[in-house]
Amino acid sequence: MAESNPYLANMPKYQKQAEKAAISANEPLYGFIPRRVTGAQARSALEHDLNPFTKQQHSAQYKRILEARKKLPVYSQMDEFMEIFKNNQIIVMVGETGSGKTTQIPQFVAYSDLPHTRGKMVACTQPRRVAAMSVAKRVADEMDVQLGRQVGYSMRFEDMTEPGTTFLKYMTDGMLLREAMNDPTMARYSTIILDEAHERTLATDILMGLLKKVAKTRPDLKIIIMSATLDALKFQKYFSLGEGSAPAPLFKVPGRTHPVEVFYTQEPEGDYVEAAIRTVLMIHRAEGPGDILLFLTGKEEIEDACRKIKLEADDLVNQDPDSVGPLMCVPLYSSLPPAQQQRIFDQAPKPTMPNGPPGRKVVVSTNIAETSLTIDGIVYVVDPGFSKQKVYNPRIRVESLLVSPISKASAQQRAGRAGRTQPGKCFRLYTEKDFMTQLEEQTYPEILRCNLSNTVLELVKMGITDLVKFDYVDAPAPETLMRALELLNYLAALDDDGNITPLGSRMADFPLDPQLSKMLIISPEFNCSTEILAITSMLSVPSVWLRPPNARNQADAAKALFTVPEGDHLTLMNVFNQYLTNKGDKRWAYDNFLDMRALTQAENIQGQLERTMQRNDIPLLSLTDERKLFQNIRQVLVCGFFMQIAHKEGDKGSYMTVKDNQVVQLHPSSGLDSRPEWVLYNEFVLTNRPYISGVTEIRPEWLLEFASNYFDLKAFPDGETKRALQRVQNRRLGRAEDSGISRKNKKKKDDGERKQKKQRTE
DNA sequence: GAGCACTGC
């Protein structure tokens with residue numbers, strides 16, 4: 001059976017290369033044939049005095065760590081793994097938390113694959129940057145090499161690898177996807193491992209689709225899909241190659257955690273926040289020592305709950321100081337400044353009196369504590385069963401966040417957080433029946449919940465033109481794909497047959513949404529690429545505005561000083577430019593209520609985008625006449641965001657989005673207070689009410705001039721917006737016919753249309 | 001006059 005594997009047809013070639021390496025009998029890898037290495041051989045190399053990759057003596061630390069590695073569940077299954085790796089091209093592996101799969105499996109692969117003998121690499125992807133970096137550090141220590149040499153990591157803004165030396169590379173899934181755009185066969189890798197595949201991030205899902213395709217043309221490429229939960233069968237079936245083939249083989253390793261006892265409520269809870277607070281206080285009064293982790297859905301809910309818990313706990317302590325210890329309540333969410341996030345690692349408070357009842361720490365957190373951050377010492381988990389999840393409505397092209405029930409897999413993950421250091425308890429604030437019957441097995445994959453315009457452009461760039469027939473693990477809604485294709489066609493990134501245009505190809509080179517990359521590329525024609533680069537960078541980071549609850553008025557006053565009347569985009573540019581000129585002043589950001597983290601990130605992105613512009617020969621231009629400059633900037637905004645325009649409706653300050661006909665309000669965070677008739681918006685925000693945010697005033701003539709295809713009035717839905725545009729159209733044409741000055745305008749208009757047409761046919 | 005779950009290039 002093994003001999004029928006197409007990979008093995010290539011075997012003799014590798015054998016020859018290994019011989020060529022002329023490994024002498026006393027070296028650790030003597031007699032190793034790539035991909036036919038046994039567990040016994042690998043173990044003998046691990047015990048060898050010499051490091052097979054550096055030819056140096058192993059350090060004392062290496063031996064110490066090796067003893068610890070031997071205790072990991074996955075280590076005892078090395079023989080089994082080596083055998084399954086030898087015989088298969090694609091493997092699905094399941095390893096629960098604590099199995100050691102993320103650190104050990106890539107090393108087993110390296111010992112069998114010996115990628116360094118062929119100038120290849122083993123890649124292992126992670127959904128998060130911190131994970132890629134910290135695991136790479138750990139594995140470099142385990143292999144007794146310097147981080148960034150044989151073992152490295154690669155992610156946006158940080159490449160810790162050495163070309164020609166690095167053969168084991170941890171990287172973010174998004175980074176591998178980016179690489180795949182320029183190298184669709186992923187030729188530099190001999191084995192690719194996708195870790196945490198159960199999280200179903202957009203990048204991992206797309207990579208699974210690509211790898212399934214590449215596997216057929218590259219029989220020498222081995223693929224391992226690693227997952228924590230038992231959705232392995234889905235991956236096994238997906239990766240069965242060819243019609244009617246057997247599912248991909250499964251390699252399974254048990255986890256190693258402490259047992260967690262799970263409790264359910266008898267009746268469904270009406271108010272989960274109130275129930276959660278009650279449960280936390282009950283645990284504090286009645287349960288043994290150990291910290292508590294409570295999952296809630298957002299910043300406001302968390303701050304609110306922290307205040308209430310603190311108040312009630314203080315009451316309890318006052319009433320009964322002999323039996324109730326002090327309680328410390330710490331919030332945790334990603335937009336919290338890093339220094340405050342660190343508080344989750346503080347020790348629980350000491351007893352208030354000698355031999356008094358012990359203190360306790362309560363961490364109230366979003367989903368960030370479910371996967372990204374691990375807090376030791378948690379013994380109790382309170383799980384109300386909700387989280388905020390992104391949903392996408394392709395009909396109105398809006399992404400929004402919705403408080404929704406979590407999945408069973410997510411509930412299990414949350415419960416597991418109680419058993420990291422000792423046996424724990426998990427209190428679920430829903431009934432066991434609801435858990436069994438109401439919750440989905442798995443969290444909906446991201447690919448089904450978001451706007452795909454960026455992804456579609458990337459796929460087309462990689463030569464996948466039939467997006468509907470692409471072999472997805474879970475196929476997105478056809479309407480979502482249609483929406484993406486429609487946007488890309490109007491932006492002239494794709495032609496009418498769905499083929500990529502030269503413009504689209506350049507757009508895909510930028511790590512940006514297509515509207516933004518389009519703006520960057522055409523901005524030199526308007527002599528304002530420097531400014532568009534700044535705006536684009538600022539739109540790529542979270543909001544820079546801080547508004548501490550105890551200093552709202554000062555923060556608003558500081559913001560008003562940056563505000564540019566024509567709109568929020570110019571305000572963002574103003575903030576960015578002032579940030580650059582005041583970089584020497586460490587207090588500047590603080591004094592102006594601006595988020596230093598976000599500004600630094602914007603500057604990083606600006607640098608990366610500038611390099612991409614240089615690569616694509618896009619010059620950085622600007623104008624000295626500010627009035628003209630601001631107008632040109634707003635025109636470029638129209639060239640990217642002409643599908644996000646709203647028209648004023650009546651006198652109440654409402655707006656109506658063009659074509660989608662949604663009634664919206666300007667978001668209160670917007671600095672635009674002149675209520676202009678036509679605005680362009682960066683984002684449709686659906687919270688308690690529909691808002692548009694990131695808003696700039698535009699002139700309707702520009703819509704007809706720079707987006708004549710989209711604003712083709714003959715095909716425009718009837719209504720007040722169309723009538724208003726029609727009046728503008730008539731005025732333009734009338735003027736053009738009447739006077740000599742207007743003839744100039746007409747010429748300009750024709751130029752604009754030609755430009756538009758040119759872009760569409762490029 | 002109101003909010004940004006979490007990632008990633």
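In what follows, chains are A, B, ... by sequence order, proteins preceding strands, each numbered from 1.
- Residues Arg178(A) and Trp545(A) each lie close to DNA chain B; by heavy-atom proximity, the contact nearer the 5' end of the strand is made by Trp545(A).
- Remark: Thr172(A) is in phosphate contact with dC9(B), judged by side-chain N or O atoms under 4.0 Å from OP1 or OP2.
- At the phosphate of dC9(B), OP1 or OP2 sits under 4.0 Å from a side-chain N or O atom of Arg129(A).
- In terms of polar N and O atoms assigned as donor or acceptor, the side chain of Arg547(A) comes within less than 3.5 Å of the base of dG3(B) in a complementary pairing.
- Side-chain contact annotation: Gln438(A) with Tyr430(A), donor-acceptor N/O pair under 3.5 Å absent.
- Within 4.0 Å of Thr371(A), counting heavy atoms only, lies no atom of the nucleic acid at all.
- The side chain of Met175(A) lies closest to dC9(B), out of dG3(B), dG8(B), dC9(B).
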- Task: Take Arg689(A) and Gln665(A) through the side-chain contact (heavy atoms from CB on, under 4.5 Å) test and state the conclusion after the steps.
- Result: CA-CA 8 Å; Arg689(A) 292 158 73 183; Gln665(A) 308 290 321; 3.6 Å; yes
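- Of the side-chain N and O atoms in Ser334(A), one or more sit less than 4.0 angstrom from OP1 or OP2 of dC6(B).
- With distances taken from any side-chain atom of Arg449(A) to the nucleotides dA2(B), dG3(B), dA5(B), the minimum falls on dA5(B).
- Residue Val403(A) is out of contact with every strand shown, counting any heavy-atom pair closer than 4.0 Å.
- By the 4.5 Å heavy-atom criterion applied to side chains, Tyr590(A) and Leu546(A) are not counted as neighbours.
- Across dA5(B), dC6(B), dG3(B), the shortest atom-to-atom separation from the side chain of Ile368(A) is found for dC6(B).
- The side chain of Thr366(A) contributes an N or O atom lying less than 4.0 Å from OP1 or OP2 of dC6(B).
- Looking at Asp568(A) and Tyr681(A), their side chains never bring a donor and an acceptor atom within 3.5 Å of each other.
- Rounded to whole Å, atom P of dT7(B) lies 17 Å from atom CG of Asp195(A).
- Taking side-chain N and O atoms only, Thr297(A) has no distance below 4.0 Å to OP1 or OP2 of dA5(B).
- In this model, the phosphate group of dC9(B) is not approached by any side-chain N or O of Asn454(A) to a distance below 4.0 Å at OP1 or OP2.
- Counting any heavy atom pair closer than 4.0 Å across all strands shown, Arg128(A) reaches sugar-phosphate atoms only and no base atom.
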